[in-house]
Amino acid sequence: MNGEGRLTLPELYMIRTLLGSISDARLSQRIAETEQAGALTRDFPRVRAQIESGAASGTVWVPYGAEPWLVTMTPPTPPFPGLVLVVSSLKATPPGVKLLSRTAEGDALGESFPGLRVEWSDNRFLETTNRSVPVAIWVAGLAMVLGIAVFCGYLILRDVNRDVHMTEVRSQFVASVSHELKTPLTSIRMFAETLSMGRANDRAKSEYLEIIVNESERLARLVDNVLDFSKLEQGKKIYRLRPTRLDEVAGSAVRAMQFPLAQQGFQLHVSVDQEMPELQADPDAIQQAILNLLTNAMKYSGDAREIDLRLGARNGDAVIEVADRGLGMAPEEQKHVFEKFYRAPSHESRLIAGTGLGLTLVAHIAKAHGGRVEVESEPGVGSTFSILIPIRAAQAANGVHA
Ligand code: ADP
C-alpha cells in the first residue's frame, strides 16, 4: 500500500479483501482514483473530442468525474505532442481555493498548466495565516459580557433601592402608627383626668365619657387594622362567611361613626335600596371595610361636610358606596391607593395622619368575598369608593383563608 508503484484495480480489491473489515481511507481513495482512471480511459474519445473542439481558442480543461479531475491534452506538436494532463481539483489546491477550468476569471496557474486558473477569496491568506477568533466575535463577546455586567448591576441596584425604599416606608409606617395611637390615648387620658378631678358638670361629664368611648373605639379600630394587616401579610387572615344583611352591617358601622361625624359637623346621607338581598359574607370584615371608607371620607373631606353611604345592587353584585366631596385624587394616585403603605404624596393629604393600610384592607376584604373595590375621583371634587360583592358568590360558608 505504501509503495510508490501503481497497482491495478484487481490488486487493490485483493488488498481490501485481505485487510477485511479494517477500513483504510487511503485504500478507498486509491480504489476510487483507479476506478475513475479506468472510466476516463474508456471515456477518453468523448473527452478528447471536447478538448479538441475548443482547442482553437487555447487550452481547454474538461472537468471529469466527481472530484472533479481537470483533463487536457497538449497540441500534436513537439516537444510533447498529445500528452494527456490530468489534475485533481481537490489535491492540487489547499482548502479555500477553487480550481477553475474554462473561465476568464481567476489567476493563471502557471505555464505548466496553460488555460488553468485559480480563484480564492479575498481574505483567504488572512484566514489561513491568522486562525484566531475574528475581531467581530471578540467585540460581540465583549459587548455581551459588558451587557450582562450592566444588567446584573442594575438588578442589584434595583434590589438595594427597593430595600432602602421598604425600610423608609416601614419606619414611616411605625412613626405614623405611633402618632395615630398617641392621639386618641392623649385625649382619653386628658378627659379621664378631668373627670377624676370632679370639676365637670353632668352635661360635660356625659360628653367626656362619650369622647373617651369614641376614642377607645378609634384606637381599637386602628389596632384591628394593624393586626389584620399583619395576619394578611402572613396569609393567616380568616374570613368566616355566613348569611349576612348588608344594611344591618352598614347600620352598625354608621352607629359607630355617629359621634365623630357629629363632632366634626359632618352630615351622612344613608340610602339603602329596598331590594338588598342577604348574602354570604363576614359581617365583621365588611363593617371594618365600611368604617375604613367612612374614616377616609372624613379625613380627606377638606372643608366639605357631606358624605353619602349608598347600598344597592348592580349587575348581580351587592354594592356599598361611600362618596365624599373633598380633596379627591389625581389619576396617578388612584392607581396606587390600594397598595400597602401607600399615601398620596400631595401636600394636603400628607398633613393628614394615616398609615396607608386602610384601603389595602378594604381591597383584601372585597377580594376575599369574590368581589373588588373601585374608585372614582377628581381632585377638588371628591371621591367615591365602591365595594362590589357578587350576590351569588360560590364560597364555602364556614371560612375562607385569604
Ligand atoms: P391612610 O391611613 O393614609 O388614610 P388608606 O389606605 O386608607 O391610608 O388610604 C391611602 C391613601 O389614599 C391616603 O393616604 C390618601 O392619600 C388616599 N385616599 C384614601 N381615601 C381618600 C379619599 N376619600 N379622598 C382622597 N384621598 C383618599
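Quick caveat: nothing in here was measured; it's all calculated off a predicted structure. Read the numbers this way: they start at 1 and go in the same order the structure lists the ligands and their atoms. All heavy atoms count here, side chains included; hydrogens, waters and symmetry mates do not.
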Is the NZ or CZ atom of Lys340 both under 6.0 Å from the centre of the six-membered ring of Tyr342 and within 45° of that ring's axis? no

Based purely on interatomic distance, does Leu327 place a nitrogen or oxygen under 3.5 Å from a nitrogen or oxygen of ligand 1? no

Number the atoms of ligand 1 from 1 as they appear, then name those within less than 4.0 Å of a heavy atom of Thr355, with their elements. 1 (P), 2 (O), 3 (O)

Contact check, side chains of Leu70 and Val62, non-hydrogen atoms, under 4.5 Å: no

I want to check something: taking the side chain as every heavy atom from C-beta on, are Ile286 and Thr244 in contact at a cut-off of under 4.5 Å? no

For His269, look at atom NE2 and say whether over 12 heavy atoms of other residues, nucleotides or ligands are found less than 6.0 Å away. yes

Does the side chain of Gln288 pick up a donor-acceptor pair with the side chain of Asn225 at under 3.5 Å? yes

Would one find an N or O of Leu359, backbone or side chain, under 3.5 Å from an N or O of ligand 1? yes

Beyond-backbone contact of Pro243 with Leu279, side-chain heavy atoms, under 4.5 angstrom: no

Which of the atoms of ligand 1 are close to Lys299, meaning less than 4.0 Å from one of its heavy atoms? 1 (P), 2 (O), 4 (O)

Report the member of Phe341, Tyr342, Phe173, Tyr300 with the shortest heavy-atom distance to atom 15 (C) of ligand 1. Tyr300

Is any N or O atom of Val337, backbone or side chain, closer than 3.5 Å to an N or O atom of ligand 1? no

Which of the atoms of ligand 1 are close to Ala344, meaning less than 4.0 Å from one of its heavy atoms? 14 (O), 16 (O)

Answer yes or no: does an N/O atom from Glu180 fall short of 3.5 Å to an N/O atom of ligand 1? no

Check contact between Phe338 and ligand 1, using heavy atoms of the residue and a distance below 4.0 angstrom. no

Side chain, backbone, both or neither: which part of Met329 comes within less than 4.0 Å of ligand 1 when only heavy atoms are counted? side chain

Can you confirm whether Ile320 sits close enough to Leu246 that some side-chain heavy atom of one is under 4.5 Å from a side-chain heavy atom of the other? yes

With atoms numbered from 1 as shown, which atoms in ligand 1 lie under 4.0 angstrom from a non-hydrogen atom of Leu357? 6 (O), 8 (O)

Heavy-atom distance under 4.5 Å between the side chains of Leu291 and Arg221, does that happen here? yes

Check whether any N or O atom of Gly356, backbone or side chain, sits under 3.5 Å from an N or O atom of ligand 1, and answer yes or no. yes

Side-chain touch Val362/Ile387, heavy atoms, less than 4.5 angstrom: yes

May I ask you to list the atoms of ligand 1 that are less than 4.0 angstrom from any heavy atom of Phe385? 20 (N), 21 (C), 22 (C), 23 (N)

